[in-house]
Amino acid sequence: MATRLRDTAPKPEADARERDAAPEFELEPSSLDEMTHAEALALYRDAEANIRFSKGLQWRTVGGTIALFALLVASVYFVRGDPMYARVVAFLTIVLSCGAIYSLSIHQSWQKTERLKVRRIVESLSNLSQDVFALKSRIEANIHRYILLAFMIVVIVMMNYVAFSLLERFFKKG
(Lines give C-alpha, C1' and ligand atoms only; values in the text may rest on other atoms or scores of the structure.)
Protein backbone atom coordinates (compact mmCIF):
# COMPACT_ATOMS: atom_id res chain seq x y z
CA MET A 1 0.00 0.00 0.00
CA ALA A 2 1.46 3.32 -1.05
CA THR A 3 1.24 6.39 1.15
CA ARG A 4 1.13 9.92 -0.21
CA LEU A 5 3.40 12.51 1.36
CA ARG A 6 3.31 16.21 0.66
CA ASP A 7 5.78 18.86 1.68
CA THR A 8 3.86 20.82 4.33
CA ALA A 9 6.54 23.33 5.26
CA PRO A 10 5.22 26.90 5.28
CA LYS A 11 6.17 28.85 2.16
CA PRO A 12 5.74 32.47 1.13
CA GLU A 13 2.59 33.47 -0.74
CA ALA A 14 4.56 33.84 -3.98
CA ASP A 15 5.21 30.10 -3.92
CA ALA A 16 1.57 29.16 -3.29
CA ARG A 17 0.93 28.29 -6.92
CA GLU A 18 4.09 26.18 -7.09
CA ARG A 19 3.15 24.39 -3.86
CA ASP A 20 -0.30 23.54 -5.18
CA ALA A 21 1.15 22.37 -8.49
CA ALA A 22 3.96 20.30 -6.91
CA PRO A 23 3.54 16.58 -7.49
CA GLU A 24 2.85 14.46 -4.46
CA PHE A 25 5.51 11.99 -3.38
CA GLU A 26 4.28 8.43 -3.78
CA LEU A 27 5.78 6.37 -0.95
CA GLU A 28 6.60 2.85 -2.05
CA PRO A 29 7.36 0.58 0.89
CA SER A 30 10.03 -2.06 0.85
CA SER A 31 9.09 -5.30 -0.87
CA LEU A 32 10.86 -7.27 1.87
CA ASP A 33 8.93 -9.39 4.34
CA GLU A 34 9.11 -8.39 8.03
CA MET A 35 11.88 -10.81 8.99
CA THR A 36 14.07 -9.92 6.00
CA HIS A 37 13.42 -6.22 6.58
CA ALA A 38 14.49 -6.56 10.22
CA GLU A 39 17.60 -8.45 9.10
CA ALA A 40 18.42 -5.72 6.55
CA LEU A 41 18.06 -3.03 9.22
CA ALA A 42 20.32 -4.99 11.58
CA LEU A 43 22.93 -5.33 8.84
CA TYR A 44 22.59 -1.62 8.09
CA ARG A 45 23.15 -0.68 11.75
CA ASP A 46 26.12 -3.04 11.95
CA ALA A 47 27.73 -1.56 8.82
CA GLU A 48 27.23 2.01 10.08
CA ALA A 49 28.70 1.05 13.47
CA ASN A 50 31.70 -0.51 11.71
CA ILE A 51 32.23 2.68 9.71
CA ARG A 52 32.17 4.82 12.87
CA PHE A 53 34.50 2.38 14.64
CA SER A 54 36.95 2.43 11.73
CA LYS A 55 36.92 6.24 11.62
CA GLY A 56 37.67 6.29 15.34
CA LEU A 57 40.56 3.88 14.81
CA GLN A 58 41.95 6.17 12.13
CA TRP A 59 41.98 9.18 14.43
CA ARG A 60 43.42 7.13 17.29
CA THR A 61 46.14 5.91 14.92
CA VAL A 62 47.09 9.51 14.12
CA GLY A 63 47.05 10.51 17.80
CA GLY A 64 48.92 7.41 18.91
CA THR A 65 51.57 7.91 16.25
CA ILE A 66 52.14 11.50 17.35
CA ALA A 67 52.36 10.37 20.99
CA LEU A 68 54.92 7.70 20.07
CA PHE A 69 56.97 10.28 18.17
CA ALA A 70 57.00 12.46 21.29
CA LEU A 71 58.04 9.54 23.50
CA LEU A 72 60.79 8.45 21.14
CA VAL A 73 62.23 11.96 20.82
CA ALA A 74 62.01 12.45 24.59
CA SER A 75 63.86 9.16 25.11
CA VAL A 76 66.82 10.53 23.09
CA TYR A 77 66.96 13.55 25.38
CA PHE A 78 66.89 11.27 28.44
CA VAL A 79 69.87 9.22 27.27
CA ARG A 80 71.81 12.45 26.77
CA GLY A 81 71.68 12.40 23.01
CA ASP A 82 73.65 9.27 22.12
CA PRO A 83 74.23 9.65 18.33
CA MET A 84 73.67 5.98 17.51
CA TYR A 85 70.49 5.87 19.59
CA ALA A 86 69.27 9.08 17.90
CA ARG A 87 69.78 7.46 14.47
CA VAL A 88 67.90 4.34 15.53
CA VAL A 89 65.03 6.46 16.86
CA ALA A 90 64.95 8.47 13.62
CA PHE A 91 64.73 5.21 11.67
CA LEU A 92 61.96 4.00 14.00
CA THR A 93 59.94 7.17 13.40
CA ILE A 94 60.09 6.53 9.65
CA VAL A 95 59.00 2.90 10.12
CA LEU A 96 56.26 4.05 12.48
CA SER A 97 55.03 6.60 9.93
CA CYS A 98 54.90 3.99 7.19
CA GLY A 99 52.98 1.60 9.44
CA ALA A 100 50.53 4.28 10.51
CA ILE A 101 49.86 5.37 6.92
CA TYR A 102 49.36 1.74 5.90
CA SER A 103 46.94 1.30 8.81
CA LEU A 104 45.00 4.41 7.75
CA SER A 105 44.71 2.98 4.24
CA ILE A 106 43.46 -0.38 5.52
CA HIS A 107 40.80 1.34 7.64
CA GLN A 108 39.77 3.49 4.66
CA SER A 109 39.37 0.34 2.57
CA TRP A 110 37.29 -1.26 5.33
CA GLN A 111 35.03 1.80 5.40
CA LYS A 112 34.55 1.55 1.64
CA THR A 113 33.48 -2.09 1.97
CA GLU A 114 31.00 -1.17 4.70
CA ARG A 115 29.62 1.68 2.57
CA LEU A 116 29.06 -0.76 -0.29
CA LYS A 117 27.07 -2.93 2.13
CA VAL A 118 24.99 0.07 3.19
CA ARG A 119 24.34 1.04 -0.43
CA ARG A 120 23.22 -2.51 -1.24
CA ILE A 121 20.90 -2.62 1.79
CA VAL A 122 19.36 0.77 1.01
CA GLU A 123 18.44 -0.48 -2.47
CA SER A 124 16.03 -2.94 -0.86
CA LEU A 125 14.36 -0.37 1.42
CA SER A 126 11.54 2.05 0.62
CA ASN A 127 11.92 4.78 -1.97
CA LEU A 128 11.90 7.34 0.87
CA SER A 129 15.00 5.71 2.39
CA GLN A 130 16.65 5.66 -1.02
CA ASP A 131 15.85 9.36 -1.59
CA VAL A 132 17.24 10.34 1.81
CA PHE A 133 20.37 8.24 1.26
CA ALA A 134 20.91 9.90 -2.14
CA LEU A 135 20.84 13.47 -0.72
CA LYS A 136 24.63 13.60 -0.53
CA SER A 137 26.25 12.64 -3.79
CA ARG A 138 28.63 9.74 -3.84
CA ILE A 139 31.36 11.86 -5.43
CA GLU A 140 31.03 14.58 -2.77
CA ALA A 141 31.19 11.98 0.02
CA ASN A 142 34.30 10.40 -1.51
CA ILE A 143 35.97 13.80 -1.86
CA HIS A 144 35.32 14.55 1.83
CA ARG A 145 36.59 11.13 2.89
CA TYR A 146 39.80 11.36 0.91
CA ILE A 147 40.49 14.94 1.98
CA LEU A 148 40.34 13.74 5.60
CA LEU A 149 42.57 10.77 4.77
CA ALA A 150 45.07 13.08 3.08
CA PHE A 151 44.96 15.40 6.10
CA MET A 152 45.72 12.49 8.45
CA ILE A 153 48.63 11.38 6.27
CA VAL A 154 50.02 14.91 6.03
CA VAL A 155 49.83 15.29 9.83
CA ILE A 156 51.79 12.07 10.32
CA VAL A 157 54.43 13.07 7.75
CA MET A 158 54.74 16.56 9.21
CA MET A 159 55.14 15.22 12.75
CA ASN A 160 57.74 12.76 11.48
CA TYR A 161 59.61 15.72 9.97
CA VAL A 162 59.39 17.58 13.30
CA ALA A 163 60.68 14.51 15.17
CA PHE A 164 63.50 14.08 12.68
CA SER A 165 64.40 17.78 12.97
CA LEU A 166 64.56 17.50 16.75
CA LEU A 167 66.78 14.42 16.48
CA GLU A 168 69.09 15.75 13.78
CA ARG A 169 71.24 17.77 16.18
CA PHE A 170 72.21 14.54 18.00
CA PHE A 171 73.49 12.76 14.88
CA LYS A 172 76.88 14.50 14.90
CA LYS A 173 77.61 14.37 18.61
CA GLY A 174 80.28 12.10 19.77
[X] side-chain N/O to [Y] backbone N/O, donor-acceptor pair under 3.5 Å:
| X | Y | answer |
| --- | --- | --- |
| Q130 | L125 | yes |
| S103 | G99 | no |
| S54 | I51 | no |

Gap separating the [atom1] atom of [X] from the [atom2] atom of [Y], nearest 0.5 angstrom:
| X | Y | atom1 | atom2 | result |
| --- | --- | --- | --- | --- |
| H107 | N50 | NE2 | CG | 11.0 Å |
| I94 | N160 | CD1 | CG | 6.0 Å |
| S109 | L104 | OG | CG | 12.5 Å |
| M152 | Q58 | CE | CD | 4.5 Å |
| I121 | L43 | CD1 | CG | 5.0 Å |
| H144 | K136 | NE2 | NZ | 5.0 Å |

Group every Ile, Leu, Val, Met, Phe, Trp and Tyr by side-chain heavy-atom contacts under 4.5 Å, then state whether [X] and [Y] land in the same group.
| X | Y | value |
| --- | --- | --- |
| F151 | I101 | yes |
| V89 | Y161 | no |
| V155 | Y146 | yes |
| L57 | I156 | no |
| V157 | M159 | yes |

Lys/Arg N to Asp/Glu carboxylate O, E48 vs R45, below 4.0 Å: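 R45 and E48: not salt-bridged.
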
Beyond-backbone contact of [X] with [Y], side-chain heavy atoms, under 4.5 angstrom:
| X | Y | value |
| --- | --- | --- |
| F69 | V162 | no |
| W59 | L148 | yes |
| F164 | F171 | yes |
| L41 | H37 | yes |
| F91 | V88 | no |
| F53 | W110 | yes |
| L72 | L167 | no |

Considering all heavy atoms of both residues, which atom of [X] and which atom of [Y] are nearest to each other, and what is their separation?
| X | Y | result |
| --- | --- | --- |
| Y77 | L166 | OH-O, 3.7 Å |
| A100 | T65 | CB-OG1, 3.3 Å |
| V122 | S129 | CG1-O, 4.1 Å |
| S126 | P29 | CB-CA, 4.0 Å |
| F170 | V76 | CD1-CG1, 3.6 Å |
| S124 | S30 | O-OG, 2.9 Å |

Using the test side chain to side chain donor-acceptor pair (under 3.5 Å), find all partners of T61 that sit at least two apart in sequence or belong to another chain.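 If we apply the side chain to side chain donor-acceptor pair (under 3.5 Å) test to T61, skipping adjacent residues, there are no hits.
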
Heavy-atom neighbours of L71 CG exceed 12 at 6.0 Å: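 More than 12 within 6.0 Å, yes.
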
Considering residues, nucleotides and ligands other than E140, do more than 12 of their heavy atoms fall under 6.0 Å from its CD?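 Enclosed.
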
